[in-house]
Amino acid sequence: MSTNQSAAYARILQERIADLDPLIERWSSDSLILTDTAGDEAEEYLERLKVVRAEMAGRLGRPDLEVPTPGITNSMLAR
């Protein structure tokens, strides 16, 4: 993968992670209280969002994607 391709891929991953963070935060908050089946489904959804986010953050950790990107810090990726 060329440097330009790596940078573009890393940027896309970072954008997708940034898109997921508010969803995860909202579904993790106490403002959404669901019961019974809806609560179980919401919990499964939230866990899947967290897995997808972790997979994307893991891909950003690849050595060939170490491209400095303004605005995104390592602490933001470690969530």
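Not measured: the values here are computed from a predicted model. Along the sequence shown, residues are numbered consecutively beginning with 1.
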Heavy atoms of L20 and M56 approach each other most closely as CD1-CE, 3.4 Å
Contacts satisfying ring pair (Phe, Tyr, Trp, His ring centres under 6.0 Å) that involve residues 12-47 (not counting sequence neighbours) are W27-Y45
Residues passing the side chain to side chain donor-acceptor pair (under 3.5 Å) test with D36, sequence neighbours excluded, are none
Sorted by chain and residue number, the side chain to side chain donor-acceptor pair (under 3.5 Å) partners of S29 (sequence neighbours excluded) come out as S31
Taken to the nearest 0.5 Å, the spacing of L13 CG from L60 CG works out to 4.5 Å
For E43, the side chain to side chain contact (heavy atoms under 4.5 Å, CB included) test, sequence neighbours excluded, returns L46, E47
For R26, the side chain to side chain contact (heavy atoms under 4.5 Å, CB included) test, sequence neighbours excluded, returns L32
Side chain to side chain contact (heavy atoms under 4.5 Å, CB included) filter on E55, not counting sequence neighbours, yields R48, V51
With sequence neighbours left out, the residues meeting side chain to side chain contact (heavy atoms under 4.5 Å, CB included) with I12 are R16
Distance col, row I24:CD1 vs K50:NZ, nearest 0.5 angstrom, shows 7.5 Å
